[in-house]
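Both ligands and their constituent atoms are indexed starting at 1 by order of listing.
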Amino acid sequence: MAVTFSRDEQIAFVEIDNAPVNAIGVAIRQGLLEAIDWIEGQGGLERVVLFGKGRVFAAGADVKEFDVAPIEPHLPDILSRIEACEIPWIGAAHGVALGAGLELFLACRYRISAPGTQLGSPEVILGVVPGAGATQRLPRLVGLEQALKMISIGKPVSAREALENGLVDEVAEDAVSHAQTFDLAKFGKRVAVSRLPNPEANVEAIKFARSAAAKRLKNQTAPQKAIDLVELATELPFEEAMKRERDCFLQIREGAEAKALRHIFFAERGARIPKWLGKTESEQLASVVIVGGGTMGAAIAYAISAIAKKITLIETDEDGVLRANENVNRIVQASLKRGLISKSQAEQRSSIIQATADYSKAGDANLAIEAAFESMEVKKTVFLALEKALPKQAILATNTSYLDIDKIAEILKNPSRLVGLHFFAPAHIMKLLEIVRGEKTSDVALATGYDLARKLGKIPVLAGVCDGFIGNRILARYREAADILLMDGTNPWELDEAMVEFGYAMGPYEAQDLSGLDIAFANRKRLAPMRDPNRRYILISDRMVEEGRLGRKTGVGWYRYPGGSGPVIDPLIEDLIREEAYFAKVERGEYDAPEIKRRLLLAMINEAAEILHEGIAQSASDIDLVTVSGYGFPRWRGGLMHYADQLGASAILKQLEELSDEDPLMWKPSSLIIKCVNEGIRFSEYQK
Ligand code: COA
């Protein structure tokens with residue numbers, strides 16, 4: 001463990017060993033220091049080969065250490081010692097050299113990489129800046145523009161690109177072997193990277209990087225600070241700039257943004273099959289059936305075509321089959337155009353997906369996913385057909401967004417086969433997968449859902465049965481709170497602007513226009529008989545649908561989309577709102593952006609707390625994953641419950657109590673919030 005060192009004649013070997021990803025924590029730093037001392041005490045060495053054990057060179061600083069005070073020895077000092085060594089160090093990277101891993105690589109005098117290695121400075125993705133010299137060494141080595149590209153948005157480069165930009169000297173299949181034999185003289189006598197001249201200033205490149213980072217990592221401070229530091233490389237001597245980099249790194253890692261991004265980083269990695277389910281064998285995923293070739297079904301089929309051998313896409317009739325094929329083809333062509341797949345992959349994935357109206361063609365499948373029309377009757381018909389057509393052990397999954405899966409399961413001879421697999425549109429891109437556990441869902445069905453998520457690279461979140469599960473249930477409250485504000489004194493663009501200011505990519509009304517107003521409308525109609533008659537119900541969204549304003553697809557919704565462009569503010573909407581308010585006898589007031597944000601967020605937090613309390617979600621961090629990966633909650637705020645914990649349960653309760661004077665039903669505080677206040681615990685600490 002940590003760092004091992006040895007020599008073979010004139011070559012010293014230093015191996016970083018900290019499974020699984022060689023994160024550079026205190027033990028590695030200590031080990032490197034010991035290796036340097038040992039090397040300096042040796043005679044007759046010609047080179048030192050530095051490499052990583054296992055699947056990577058090094059994935060960066062150990063992020064877990066970011067929550068405690070810095071522990072000696074510090075990496076910048078170690079890197080200076082490596083650079084100052086009389087014997088040249090040769091970095092031999094494979095897998096990844098990221099963050100502090102790249103900084104270590106940069107301190108080496110020569111750099112070899114295996115093909116396929118990813119090299120980068122992804123610190124800004126975690127809300128920090130490099131802390132051991134990347135902002136100074138990288139621009140000196142590869143030039144300002146290339147360094148800005150890598151550091152400002154945290155996107156790594158491939159070994160091939162690294163060879164082109166001078167970050168690596170040679171690419172070799174076996175980087176460690178090559179590092180032992182390649183001819184050092186070929187590159188002449190080299191100085192350490194820190195001793196290279198300052199890169200030339202380039203105002204345009206800095207400006208471009210700032211605007212690209214502001215677009216890509218909107219509202220985040222780390223990218224702009226990282227660019228400031230790279231810019232310093234053009235002005236200051238190395239040592240002086242290094243001090244500035246270190247100070248900035250130590251300060252920024254303590255900030256709320258960095259903490260939130262760390263939280264999501266670890267939550268994503270923690271989202272995997274639960275321990276109690278870990279040993280359950282999942283069903284094979286070689287042959288999969290998808291029922292419904294609409295946009296969702298086709299996208300699910302396309303996603304799964306990356307891992308299955310056969311996909312049967314079932315439609316109701318030959319017209320449906322034609323449409324399904326068109327939908328699949330559209331996704332395949334778009335992926336090809338975006339360079340996400342090669343031509344041969346496109347052909348292979350298209351050939352795997354066979355659309356048909358005949359259930360018997362799916363006879364050997366072990367998993368079926370229903371993505372048909374959102375109606376209980378339709379779903380029941382589909383599952384009866386699937387039960388008849390598929391082997392007895394096949395897992396049956398429904399992609400329903402709202403419906404009660406226990407009711408669907410009732411019609412099956414073996415209801416334990418049924419599980420909810422709720423994908424998010426576009427299903428081949430969105431990372432989230434809600435795995436819904438019905439009352440009778442078997443462990444094998446759940447394990448199959450987790451296995452599918454893992455193979456597709458999705459983030460699985462376990463949800464219990466309720467209307468809308470985790471995500472859509474919170475969304476319904478978000479929309480309800482927004483509609484009430486709309487009626488009481490705002491308009492869609494003020495509401496949208498406030499939420500964009502908070503960090504959403506788009507506000508609730510623009511988002512509705514994108515997904516289509518008819519879906520939520522159908523859902524409200526379905527729920528109408530169950531609605532509490534005392535709860536306020538805002539009619540305007542229904543009226544929009546009745547008037548054919550369904551959003552982008554009809555060219556008009558909450559906004560107008562002339563000729564497919566837009567969104568453009570539609571003054572008619574304001575008239576419509578005033579008219580509705582007049583008929584509803586609502587006296588309209590005024591709500592500024594902070595008040596809009598406060599109310600919409602409180603409504604969501606209150607519902608999410610109930611979801612947690614009822615056990616629909618297993619943990620606060622699962623809700624964070626759902627809101628960030630499926631609903632556009634700003635990642636840099638760490639998710640809805642992480643944000644709620646920053647506000648504090650007491651402050652939330654106080655505000656809800658104040659608002660419940662206005663509307664006791666809408667703002668009734670969740671029992672979990674009261675519990676957290678009484679017990680002095682954070683939402684993240686709550687366990688059912
Ligand atoms: N510090 C601490 N732990 C880290 C880590 C880091 N820099 N990078 C990864 N890990 C941990 C993960 O939390 C996970 O731990 P777990 O198994 O206990 O959950 C384990 O290493 C494996 O990581 P995972 O992401 O699941 O593996 P992967 O093979 O899918 O991806 C990487 C490997 C290296 C590409 C990916 O982990 C990564 O991008 N890491 C972060 C790199 C980074 O941002 N470095 C700069 C830090 S400032």
J.: Can you confirm whether or not the ring centre of Tyr302 sits under 6.0 Å from the ring centre of His428?
T.: yes
J.: Does Arg269 make a cation-pi contact with Phe265, if we ask for NZ or CZ under 6.0 Å from the ring centre and within 45° of the axis?
T.: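 Flagged: Arg269 positioned over aromatic ring of Phe265.
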J.: Within ligand 1, which atoms have a heavy atom of Phe266 less than 4.0 Å away?
T.: 13 (O)
J.: How many angstroms lie between CG in Asn18 and CD1 in Ile24, if you round to the nearest 0.5 Å?
T.: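 If we round to the nearest 0.5 Å, Asn18:CG and Ile24:CD1 are 9.0 Å apart.
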J.: Distance under 4.0 Å to a non-hydrogen atom of Ala61: what atoms of ligand 1 satisfy this?
T.: 1 (N), 6 (C), 7 (N)
J.: Less than 6.0 angstrom separating the ring centers of Phe502 and Tyr643, yes or no?
T.: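 Ring-ring flag for Phe502/Tyr643: true, centres closer than 6.0 Å.
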J.: Is there a salt bridge (charged side-chain N to carboxylate O under 4.0 Å, His left out) between Arg160 and Glu164? Walk through the geometry before answering.
T.: CA-CA 6 Å; Arg160 189 179 44 76; Glu164 279 163 18; 3.4 Å; yes
J.: Return yes or no for this condition: an N or O of Val63 is under 3.5 Å from an N or O of ligand 1.
T.: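 The answer is yes, given that Val63 and ligand 1 share an N or O pair closer than 3.5 Å.
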J.: Atom 30 (O) of ligand 1: protein heavy atom closer than 4.0 Å?
T.: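 Looking at atom 30 (O) of ligand 1, one finds that no protein heavy atom lies closer than 4.0 Å.
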J.: Starting from atom 20 (C) of ligand 1, what is the nearest protein heavy atom, named by residue and atom, and what distance separates them?
T.: Pro20 CG, 3.5 Å
J.: Identify, by atom number and element, the atoms of ligand 1 in contact range of Glu123, meaning under 4.0 Å from any of its heavy atoms.
T.: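 Those atoms are 48 (S).
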J.: Nearest protein heavy-atom contact for atom 2 (C) of ligand 1: which residue, which atom, what distance?
T.: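 Minimum-distance protein heavy atom for atom 2 (C) of ligand 1 reads Asp62 OD1, 3.3 Å.
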J.: Less than 4.5 Å apart, side chain to side chain, heavy atoms only: is that true for Glu72 and Gln30?
T.: no
J.: Number the atoms of ligand 1 from 1 as they appear, then name those within less than 4.0 Å of a heavy atom of Pro122, with their elements.
T.: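 Every atom of ligand 1 under 4.0 Å from some heavy atom of Pro122: 43 (C), 44 (O), 45 (N), 46 (C).
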J.: Less than 4.0 Å from atom 18 (O) of ligand 1, is there any heavy atom belonging to the protein?
T.: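 No, there is none.
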J.: Check whether any heavy atom of Val56 sits under 4.0 Å from an atom of ligand 1.
T.: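 It does not, in that no heavy atom of Val56 comes within the 4.0 Å cut-off of ligand 1.
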J.: For atom 24 (P) of ligand 1, is there a protein heavy atom at a distance under 4.0 Å?
T.: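 So atom 24 (P) of ligand 1 has protein heavy-atom neighbours under 4.0 Å.
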J.: Cation-pi between Arg137 and Phe105: NZ/CZ under 6.0 Å from ring centre and within 45° of the ring axis?
T.: no
J.: Report the nearest protein non-hydrogen atom to atom 14 (C) of ligand 1: residue, atom name, distance rounded to 0.1 Å.
T.: Arg269 CD, 4.3 Å
J.: For ligand 1, is any non-hydrogen atom under 4.0 Å from Ala59's backbone (N, CA, C, O), its side chain (CB onward), both, or neither?
T.: both
J.: Could you note down all residue pairs passing ring pair (Phe, Tyr, Trp, His ring centres under 6.0 Å) where residues 236-262 supplies at least one of them, sequence neighbours left out?
T.: Phe66-Phe249
J.: So is Arg55 touching ligand 1 or not, going by heavy atoms under 4.0 Å?
T.: yes
J.: Would you say that Ser344 contacts Gln348 through its side chain, given a criterion of any heavy-atom pair below 4.5 Å between the two side chains?
T.: no
J.: For residues 95-108, which residue pairs pass the side-chain hydrogen bond (donor to acceptor under 3.5 Å, both in side chains) check, not counting sequence neighbours?
T.: none
J.: Please confirm whether Arg272 comes under 4.0 Å of ligand 1, counting heavy atoms of the residue only.
T.: yes
J.: Kindly indicate whether atom 47 (C) of ligand 1 is approached by any protein heavy atom to under 4.0 angstrom.
T.: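 Protein heavy atom within 4.0 Å of atom 47 (C) of ligand 1: present.
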J.: Please state which part of Val21 comes within less than 4.0 Å of ligand 1, counting heavy atoms only: side chain, backbone, both or neither.
T.: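 Contact part for Val21 vs ligand 1: side chain (C-beta onward).
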J.: Kindly say whether Gly457 contributes a backbone atom to a donor-acceptor pair with the side chain of Lys431 at under 3.5 angstrom?
T.: yes
J.: Nearest non-hydrogen contact with atom 35 (C) of ligand 1 belongs to which option: Asn22, Val96, Ile24?
T.: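 The nearest heavy atom belongs to Val96.
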J.: How does Leu126 reach ligand 1, by side chain, by backbone, by both or by neither, if only non-hydrogen atoms under 4.0 Å count?
T.: side chain
J.: Please check if the distance between the ring centroids of His422 and Phe424 is under 6.0 Å.
T.: yes
